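Down below is the structure, laid out as structure tokens.
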Amino acid sequence: MLTVRDLSNRVLQPASFRVDTGECVAVQGPSGAGKSVLLRAVADLDPAAGEVRLDGALREDMTAPEWRRRVTYLAAESGWWSDRVVDHFADPQRAAPLIDALGLPAEALGWPVSRLSTGERQRLALIRALVQEPRVLLLDEPTGALDLDATHRVEGLLRDALDRGMGVLIVTHSPDQADRLAKRRLRVEAGQVREA
Amino acid sequence: MPLIPLHYTDLVLAALLLLVNGGLSVRLSLGLERSLAIAAVRMVVQLSLVGLVLKQLFALESPWLTLAAALVMVLFAGQEAMARQERRLVGWWAYGLGTGAMGFAALVVMSLALTTAIQPDPWWDARYAIPLLGMVLGNAMSGVSLSLNTLTAGAVRERAAIEAQLALGRTLWVALRPVLRHALRTGLMPTINSMAATGLVALPGMMTGQILSGVDPAEAVKYQILIMFLISGATGLGVLIATLAAARRLSDVRQRLRLDRLTLRE
């Protein structure tokens, strides 16, 4: 589904790999090795040389917003551009079941962003991306601020998405999480990406 | 009624007021006496030089010299607008963008003023062109530097919010809109405020000057209104061009946020 060939920039050495339909690939490596840089480059948020295709279509053949809607990056630190949570969802109705599934109260949509904890932000940002149903989700430590229960709920939601055919590239520091979700792993060290 | 000429002794007497300020600064240890003295000396020297230059310019009546003086003013305005930036675009853009925007805005507004409203003979008569340009440029410079500062600071501060929207597939213009609006508003606010308050509290310097030199207040007011429109026109145009161009420069063909094109002032 997603094929990456010789993707490189100031930080990354040329990297080649693929993520198949319904497949989860874990990205691991020490802090500062270039894991986020890799995800941002795939999402076309930073300039990078190389060839990235989705279902055979070159990303340069579609507009950048079209590409990012299909191949969506979720930063470790979520960004919010409006005062209320609900303003960040094009269709709040569709978010409601996911909010429930992640153990957040239904009223959370009506809250101001300022009262959200880091963990609540992280989960709501994930929902925000999931309801748009991208083909590939690029997750940057999506459970970094969550306790074990919430982590398992997020993983359950991700497994559902994988079953529906979504591809997932997930940066995680937890080997257990990688074991639970992914069959394949990429190892990133000093900008070098290789299949582990 | 002829203008009452000032003697140098009159100026010295007025300068004593500055000594009062300086004394206060020393007494209250505000640490301002040095900057106060330097600013006062700069003011006297710069204005005296400008007086000499203008006198020559008026006497020579050369369109080329007038144009050269106008160009130098635009370049200085660009320099000053750049010096006020906390974060600058890298490379030539830091200087070129503000200078270009102000130069273009001033050109449009001055052409309009000199060919329609005022129509001096000849149209490039330095006696009209240069002081008008000075007022227009000074205000455009404040607006442009304010809006550019607000834009770059906002883009850096709101980076997570902007990139979150980009990552979800929104266009850059949508993601950048709040920052852009804030920058444009900030750049135009001083001009709007000065139009709203003028006459009630402060009498504008140019109008005061005309009245002091014996012009009928009603005529002076008409001139002042014209100037205010010219100023707001040039500021609006300059701010718009500079802000949109800077926003464009902070992005690229793939609608990324390119904060790597900014450097902090060292």
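In this text, all values refer to a predicted model and were calculated from it rather than measured experimentally. Reminder, nothing fancy here: chain letters follow the sequence lines and each chain counts from 1.
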Taking all non-hydrogen atoms of both residues, which atom of [X] and which atom of [Y] are closest, and how far apart?
X	Y	value
Ala167(B)	Leu45(A)	CB-CD1, 4.2 Å
Ala164(B)	Gly79(A)	CB-O, 3.6 Å
Ala160(B)	Ser78(A)	CB-O, 4.5 Å

Are there over 12 heavy-atom neighbours, none belonging to [X], within less than 6.0 Å of that residue's [atom1]?
X	atom1	value
Gln46(B)	CD	yes
Glu77(A)	CD	no
Glu195(A)	CD	yes
Asp61(A)	CG	yes

### Query
Rounded to the nearest 0.5 Å, how far apart are CG of Leu168(B) and CZ of Arg128(A)?
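Here the interatomic distance stands at 5.5 Å.
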
### Message
So, applying side-chain contact (heavy atoms from CB on, under 4.5 Å) with Arg68(A), which one of Arg170(B), Gln255(B), Gln165(B) is it?
### Response
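Of all the options given, the one that passes is Gln255(B).
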
#### Entry: Lys/Arg-Asp/Glu bridge criterion (N-O < 4.0 Å) met for Arg256(B), Asp46(A)
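Salt bridge absent between Arg256(B) and Asp46(A).
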
Need one label for [X]: side chain, backbone, both or neither, based on atoms under 4.5 Å from any heavy atom in chain B.
X	answer
Arg40(A)	side chain
Pro47(A)	both
Ser82(A)	neither
Ala75(A)	neither

